[in-house]
Amino acid sequence: MFGHPFIKKKGDSLFLSAGSGAYTVEGNCDALITTIRKKEHPIRIGVDLGGSFTKIGLVDERQQLIATKTIDTQVEHGWKEMIKEIGLSVLQLLEENNISMEQCVSVGVGIPGTIDIQNGVVVYSNNINWVNVPFTKELQAYLPLPIYIANDADCAVLGEFVAGVAKGYEDVVMLTLGTGVGSGIVWNGSMYKGKKLGGNELGHMVICQGGESCTCGRKGCLEAYASATALKRCGKLVYKREIEPEELFKRANSGDEIAKHIITDYVEKLGIGIINIANMLNPQIIVLGGGISKQGEMLLKPLRKLLQENYFGGKYVTPPKLELATLGNCAGIIGAANL
């Protein structure tokens with residue numbers, strides 16, 4: 001506000017409004033602090049902005065989703081119109097459920113890409129073709145509430161941490177196995193953001209020097225081997241047609257030797273990434289989410305075996321727990337609402 005020391009004399013008054021910055025007060029004075037009364041039955045709004053669909057949810061104080069709405073992500077409309085569509089859709093969802101703005105606490109939005117959390121700016125998102133988008137400022141034109149944004153994978157791990165399989169743990173790492181390999185970290189009970197923009201991109205650790213090309217421009221990343229895209233690539237190479245990961249797992253489970261070889265190689269590559277995470281960070285629990293995680297024990301059992309065999313000191317100590325996410329598509333919404 002002032003940018004330099006500001007001296008007040010006896011009898012003077014000074015009003016510091018909420019949200020106007022940080023101050024250091026020195027000397028003797030009387031301070032009167034006013035706060036907003038706690039809302040009764042508060043509602044938090046969570047938004048999970050995806051490349052194809054945007055999911056919106058209203059989350060109550062028990063971390064339960066009381067209403068949801070899904071809209072198409074119209075990338076071709078441009079960022080201004082997209083943010084307008086989100087704002088109007090939130091307002092419509094509130095109206096449909098007879099919830100006033102006064103009952104709402106905040107809005108949280110998970111967005112794919114590199115996010116400047118402090119300034120509310122989407123620095124870069126290749127999924128939706130955004131560069132330096134002032135998201136928070138734009139959305140507040142429709143929703144006069146505190147608005148927080150973060151990377152979508154960070155929101156997913158936060159969702160599992162507050163309401164899913166990682167509830168009760170303090171150190172959590174999550175991998176989302178979808179089109180790419182997203183990741184998020186909760187450390188000491190708080191979402192780990194790092195000191196600079198970006199980070200937490202565990203899907204882009206190199207597990208095979210000079211290996212398959214990755215979407216990030218490098219070669220040999222975990223994402224190039226452990227994503228659904230990677231499985232499709234392997235399937236097409238062998239079967240000479242487009243084949244979904246679900247079909248590959250089904251064929252392997254039915255005894256197809258070629259499919260079994262593809263899935264075994266996939267699990268081994270994913271296992272390398274998980275073992276690296278366990279040995280580097282030693283979290284209490286590693287959570288697997290995303291579409292491929294729906295394969296359940298067929299995926300989990302061999303991965304747990306690999307982790308036990310390759311975890312540093314595994315003969316003498318217990319490795320991190322390895323579990324499947326339980327919130328599904330709701331994780332991103334609930335996590336965003338808790339930003």
Side-chain angles (χ1 to χ4, degrees), residues 1 3 16-23 36 39 42-51 53-59 69 71 73-75 77-94 101-159 161-162 182-187 190-201 331-339:
M1 180 178 178
L16 300 177
S17 62
S20 60
Y23 302 88
I36 299 174
K39 297 178 187 287
I43 297 296
R44 288 179 170 82
I45 301 164
V47 180
D48 185 6
L49 199 168
F53 302 100
T54 296
K55 299 180 285 294
I56 302 167
L58 306 180
V59 181
K69 184 181 186 68
I71 61 174
T73 301
Q74 307 277 8
V75 178
H77 288 179
W79 64 266
K80 273 185 174 289
E81 190 63 27
M82 289 170 68
I83 295 173
K84 178 182 177 181
E85 289 167 359
I86 291 172
L88 295 180
S89 296
V90 170
L91 291 173
Q92 184 181 13
L93 186 61
L94 291 173
M101 192 66 66
E102 289 71 28
Q103 194 177 339
C104 298
V105 175
S106 61
V107 182
V109 187
I111 306 168
T114 301
I115 312 298
D116 182 347
I117 295 173
Q118 297 299 323
N119 295 304
V121 174
V122 181
V123 178
Y124 172 68
S125 177
N126 63 319
N127 287 26
I128 51 179
N129 301 320
W130 284 8
V131 177
N132 291 325
V133 171
F135 187 94
T136 296
K137 181 180 179 181
E138 192 71 20
L139 188 59
Q140 277 182 329
Y142 306 95
L143 303 172
L145 292 167
I147 298 175
Y148 308 96
I149 64 175
N151 177 270
D152 56 348
D154 290 337
C155 291
V157 70
L158 190 57
F161 170 71
V162 299
S183 58
I185 300 172
V186 168
W187 211 253
S190 299
M191 190 175 74
Y192 178 75
K193 298 185 283 289
K195 300 297 182 184
K196 295 184 178 181
L197 301 182
N200 289 355
E201 294 291 350
I333 299 174
I334 295 173
N338 279 272
L339 287 174

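Given the structure is predicted, the values throughout are model-derived calculations rather than measurements.
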Side-chain atoms of residues 331-339: list all donor-acceptor pairs with protein atoms under 3.5 Å, sequence neighbours left out, distances to 0.1 Å.
| from | atom 1 | to | atom 2 | distance (Å) |
| --- | --- | --- | --- | --- |
| Asn338 | OD1 | Gln63 | NE2 | 2.9 |
| Asn338 | ND2 | Gln63 | OE1 | 2.8 |
| Asn338 | ND2 | Ile334 | O | 2.7 |

To the nearest 0.5 Å, tell me how far [X] [atom1] sits from [Y] [atom2].
X: Ile45; Y: Leu139; atom1: CD1; atom2: CG; result: 9.0 Å
X: Leu145; Y: Gln140; atom1: CG; atom2: CD; result: 8.5 Å
X: Ile115; Y: Phe135; atom1: CD1; atom2: CZ; result: 9.0 Å
X: Ile71; Y: Gln92; atom1: CD1; atom2: CD; result: 9.5 Å
X: Ile185; Y: Ser190; atom1: CD1; atom2: OG; result: 13.0 Å
X: Leu93; Y: Leu88; atom1: CG; atom2: CG; result: 12.5 Å

If you count the non-hydrogen atoms of other residues, nucleotides and ligands that lie under 6.0 Å from NZ in Lys84, is the total more than 12?
->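 No.
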
What closest approach, in Å, do [X] and [Y] show between heavy atoms, and which atom pair accounts for it?
X: Lys69; Y: Ser89; answer: CD-O, 3.8 Å
X: Val105; Y: Pro42; answer: CG2-CB, 3.4 Å
X: Ile56; Y: Ile86; answer: CD1-O, 4.2 Å
X: Cys155; Y: Gly110; answer: SG-CA, 3.5 Å

Under the side-chain contact (heavy atoms from CB on, under 4.5 Å) test, residues paired with Gln74 that sit two or more places apart |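 Once residues adjacent in sequence are excluded, the partners of Gln74 under the side-chain contact (heavy atoms from CB on, under 4.5 Å) criterion are Asp72, Glu76, His77, Glu85.
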
Could I get the full list of side-chain contact (heavy atoms from CB on, under 4.5 Å) partners for Thr73, not counting sequence neighbours?
-> Leu49, Thr54, Val75, Met82, Ile128

Any side-chain hydrogen bond (donor to acceptor under 3.5 Å, both in side chains) pairs touching residues 142-151, not counting sequence neighbours?
-> none

How far apart are the C-alpha atoms of Asn132 and Val122, what are their side-chain angles, what is the distance that settles it, and do they pass the side chain to side chain contact (heavy atoms under 4.5 Å, CB included) test?
-> CA-CA 5 Å; Asn132 291 325; Val122 181; over 6 Å; no

Provide the full list of salt bridge (Lys or Arg N to Asp or Glu O under 4.0 Å) pairs with a residue in residues 121-148, sequence neighbours left out, each pair given once.
->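 Qualifying pairs, neighbours excluded: Lys80-Glu138.
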
May I have all residue pairs that pass salt bridge (Lys or Arg N to Asp or Glu O under 4.0 Å) and include part of residues 110-124, sequence neighbours excluded?
-> none

Is there a side-chain contact between Val133 and Ile111, using heavy atoms and a 4.5 Å cut-off?
-> no

Check the pair Asp154 / Asn200 against side chain to side chain contact (heavy atoms under 4.5 Å, CB included), numbers first and verdict last.
-> CA-CA 8 Å; Asp154 290 337; Asn200 289 355; 3.2 Å; yes

